[in-house]
**Student:** 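Here's a structure for you.
Here the structure is a predicted model, which means the values were calculated and not measured. To find a chain, count down the sequence lines: A is the first, B the second, and so on, and within it residues start at 1.
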Amino acid sequence: MAATDRQVFFTKNLLAWHAGHHRPMPWKGERNPYLIWLSEIILQQTRVEQGLPYFERFKATYPTVTDLANAPEDEVMKLWEGLGYYSRARNLHAAAKHIAHDLNGSFPATYEGIRSLKGVGDYTAAAIASFAYDLPHAVVDGNVYRVLSRYFGIETPIDSTAGKKEFAALAQGLMEIRKLGNWWGRNFSISQFQTKRLQPGHNGLRRHALYPGCAEMWNLSDAATLRSFFGRKNGGVACENEEAGAAASVFQLPDFQSGGRGFH
DNA sequence: GTCCCGCAGT
DNA sequence: ACTGCTGGAC
């Protein structure tokens, strides 16, 4: 399926935006699949501010997947205390033991292998596959739903099977637009973009509130409509005073070579 | 009190 | 296809 101009435009501008908006996080640029897995499990259903100290503690206490596998269950649960959704911790520990005992301590390096781990669903498998191994799997989480529904004007409810399919297909299509960057760079960008620009507290996901002016953004040469999505304070969407630089750079964005290591 | 939105169990 | 899971922000 060929990408539309709008899809190419979106991808280019997203990457340009991300290049100018680094949000430093301990796992950004991380290539260790164990640490990526750990951070993704902690971040399921959990905000970065809440999960960050837990990630640091787990990383310090269990530097490798074998360390985690060898830890007693009650110690792992104790370290998880306060994060909620305790089945995540039980699955994390069970999967660590599986990797240590059945896979010689080496983390699975294929999407299917990662996806088969306890507690790892489509989203987490795609995140680990692309961030650790640069495999072309699109991450489709709540952040991605929010960004795509607004930019592409999709109103299909994401809590329906049809909606999940539609968003997954669109996200994967965006991944496959070539020569615009690498897979994990693109995945990272879209998630970060939401974090900065479209916060759930301002536009409820269930309501599928489209970004104001979304319908008018089909004019791809209009810098003002571009800014309305990628920068300007508008319609209750949380923004900071950083739109000028981002908006100025988007039209000069060169195509990146795929397979590179941009966007740290 | 409502909302959050990834995964697993059913 | 539908539901429960935790704690925290609002």
**Student:** Give the table of side-chain donor-acceptor pairs shorter than 3.5 Å for residues 77-85 of chain A, with sequence neighbours excluded, one pair per line with atom names and distance.
**Tutor:**
| residue | atom | partner | partner atom | Å |
| --- | --- | --- | --- | --- |
| A:Lys78 | NZ | A:Glu81 | OE1 | 3.4 |
| A:Trp80 | NE1 | A:Gly84 | O | 2.9 |

**Student:** Using chain A heavy atoms and a threshold of under 4.0 Å, write down where along DNA chain C the contacts begin and end, 5' to 3'.
**Tutor:** C:dA1 to C:dG8

**Student:** Check every strand shown and say whether A:Thr124 touches a base, only sugar-phosphate, or nothing at a heavy-atom separation below 4.0 Å.
**Tutor:** sugar-phosphate

**Student:** What is the distance from CD1 of A:Ile41 to P of B:dG6, rounded to the nearest Å?
**Tutor:** 12 Å

**Student:** Please identify each residue that fulfils side chain to side chain contact (heavy atoms under 4.5 Å, CB included) with A:His101, with sequence neighbours left out.
**Tutor:** A:Lys97

**Student:** Taking only residues two or more places apart in sequence, or in another chain, which ones meet A:Ser106 in a side chain to side chain contact (heavy atoms under 4.5 Å, CB included)?
**Tutor:** none

**Student:** Could you state the atom-to-atom distance from CD1 of A:Ile42 to P of B:dG6 in whole Å?
**Tutor:** 16 Å

**Student:** Between B:dC7 and C:dA9, how far apart are the C1' atoms? Round to whole Å, please.
**Tutor:** 23 Å

**Student:** For the pair made of CG in A:Leu43 and C1' in B:dG6, what is the distance, rounded to whole Å?
**Tutor:** 12 Å

**Student:** Side chains of residues 163-171 of chain A: which donor-acceptor pairs under 3.5 Å do they make with residues two or more places apart or in other chains?
**Tutor:**
| residue | atom | partner | partner atom | Å |
| --- | --- | --- | --- | --- |
| A:Lys164 | NZ | A:Ile158 | O | 2.7 |
| A:Glu166 | OE1 | A:Thr156 | OG1 | 2.7 |

**Student:** Tell me the interatomic distance from A:Lys118, atom NZ, to B:dC7, atom C1', rounded to whole angstroms.
**Tutor:** 13 Å

**Student:** Can you tell me how far P of B:dG6 sits from CD of A:Glu40, to the nearest Å?
**Tutor:** 11 Å

**Student:** Using the ring pair (Phe, Tyr, Trp, His ring centres under 6.0 Å) criterion, which residues pair with A:Phe107? Sequence neighbours excluded.
**Tutor:** A:Trp37

**Student:** Say you pick atom P in B:dT10 and the same atom in C:dT6; how far apart are they, in whole Å?
**Tutor:** 15 Å

**Student:** What contact category does A:Gln45 fall into here, base, sugar-phosphate, or nothing, at under 4.0 angstrom with non-hydrogen atoms?
**Tutor:** base

**Student:** What is the distance from CG of A:Asp122 to C1' of B:dA8, rounded to the nearest Å?
**Tutor:** 12 Å

**Student:** Identify the heavy atoms of A:Lys118 and A:Ala94 that sit nearest to each other, and give their distance.
**Tutor:** CD-CB, 4.0 Å

